[in-house]
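Working notes, structure below.
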Amino acid sequence: MDKWEELYLAAKPLYKPHDVSPFIYAQHVVTAIEAENGEIFTGFCFEATAGVFHLCAERAAAFNMFQNSGQTKIKRIMTFRDHVPVKGDSMPCGACREFLIQLDVANSDIEFMVDYQKRSTVTLAELMPHWWGEQRLTKED
């Protein structure tokens, strides 16, 4: 079993779409991430009608990783709904991309699963080729 299959099998049981209340829908998107040390952490989407309360699966998994291990570096992320990623249908939103790179700039090397069958991936750096924070990091005060 390769690491991508491990990630899929870790996240799959979390996929249980349901209404939490008339205002909140949860577990319709799930994620598993591999931390720098090889540990796997999971998370699911928690979507509220008030956008500021929306928490994507990727950020939930990263929060779980940091809370449980103190780690900030991530190697791989697999996100999906009711099936494995196919042809890029499970890309992280802009807020997640920004959060992950701010969590640790080394996360620009994160691999996101694009097509599970082909084991095709894309890196965060490829998704954010001109990240605004690079200037801030290299700026001399």
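All values derive from a computational prediction rather than experimental measurement.
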Does any non-hydrogen side-chain atom of D104 lie less than 4.5 Å from one of E36?
no

Verdict with supporting geometry, M113 and L7, side chain to side chain contact (heavy atoms under 4.5 Å, CB included):
CA-CA 10 Å; M113 177 53 64; L7 292 171; over 6 Å; no

Donor-acceptor pair, distance only, cut-off 3.5 Å: does the side chain of R97 make one with the backbone of L124?
no

For H28, ring-ring contact (aromatic ring centres under 6.0 Å, His included) partners two or more places apart:
Y25

Looking at side-chain heavy atoms only, is the closest gap between L100 and Q102 below 4.5 Å?
no

Shortest non-hydrogen contact from C93 toward C56:
SG-SG, 3.7 Å

Within a strict 4.5 Å, meaning less than it, do heavy atoms of the F112 and E126 side chains meet?
no

Can you check whether S90's main-chain N or O pairs, donor with acceptor, with T79's side chain at less than 3.5 Å?
no

Please step through side-chain hydrogen bond (donor to acceptor under 3.5 Å, both in side chains) for the pair W132 and E98, ending with a clear verdict.
CA-CA 10 Å; W132 67 272; E98 185 66 34; 2.8 Å; yes

Other residues, nucleotides, ligands: >12 heavy atoms within 6.0 Å of K75 NZ
yes

Could you check whether any side-chain heavy atom of W131 comes within less than 4.5 Å of a side-chain heavy atom of V105, counting everything from C-beta outward?
yes

Distance-minimising heavy-atom pair for H54 and C45:
CE1-SG, 3.6 Å

Look at the side chain of D19 and the backbone N and O of P22, then say whether any donor-acceptor pair between them is shorter than 3.5 Å.
no

Minimal non-hydrogen separation, M1 against E6, with atom names:
SD-CG, 3.4 Å

Give the cluster check for V84 versus V29: same hydrophobic cluster or not, with ILVMFWY residues linked at side-chain heavy-atom distances below 4.5 Å.
no

Any M78 side-chain heavy atom under 4.5 Å of P85 side chain
yes

Worked check of side chain to side chain contact (heavy atoms under 4.5 Å, CB included) between E39 and N68
CA-CA 11 Å; E39 286 182 88; N68 290 298; over 6 Å; no

Are side-chain heavy atoms of V122 and M91 found at a separation under 4.5 Å?
yes

Give the ring-plane orientation class for F99 versus F63, where under 30° counts as parallel, over 60° as perpendicular and anything between as tilted.
perpendicular

Excluding sequence neighbours, so at least two apart, what forms ring-ring contact (aromatic ring centres under 6.0 Å, His included) with F23?
none

To the nearest 0.5 angstrom, please state how far the CD1 atom of I77 sits from the CD atom of E111.
11.0 Å

Check this for me: Y8, atom OH, are more than 12 non-hydrogen atoms of other residues, nucleotides or ligands nearer than 6.0 Å?
yes

State, with a plain yes or no, whether a side-chain heavy atom of T123 is found less than 4.5 Å away from one of D109.
no

Heavy-atom closest pair, residues T42 and A32:
CG2-CB, 4.1 Å

Within the distance-only criterion (no hydrogens, no angle test), does the side chain of N107 pair as donor or acceptor with the backbone N or O of T72 below 3.5 angstrom?
yes

Report yes or no: does Q71 contribute a side-chain atom to a donor-acceptor pair with the main-chain N or O of N37 at less than 3.5 Å?
yes

Using distance alone, with no hydrogens and no angle criterion, decide if D115 and S120 have a side-chain donor and acceptor under 3.5 Å apart.
no

Can you name the nearest heavy-atom pair linking A61 to T31, along with the distance?
CB-CG2, 4.1 Å

What is the distance from atom CG of L103 to atom CE of M65, rounded to the nearest 0.5 Å?
5.5 Å

Would you say that Q27 contacts H18 through its side chain, given a criterion of any heavy-atom pair below 4.5 Å between the two side chains?
yes

L55 versus A60, closest heavy-atom pair with distance
CD2-CB, 3.9 Å

Please confirm whether the ring centroid of Y15 lies under 6.0 Å from the ring centroid of F80.
no

Looking at K3, I want to see if its NZ is surrounded by more than 12 non-hydrogen atoms of other residues, nucleotides or ligands under 6.0 Å.
yes

Here the gap from F46 atom CZ to R59 atom CZ, rounded to the nearest 0.5 Å, amounts to 13.5 Å

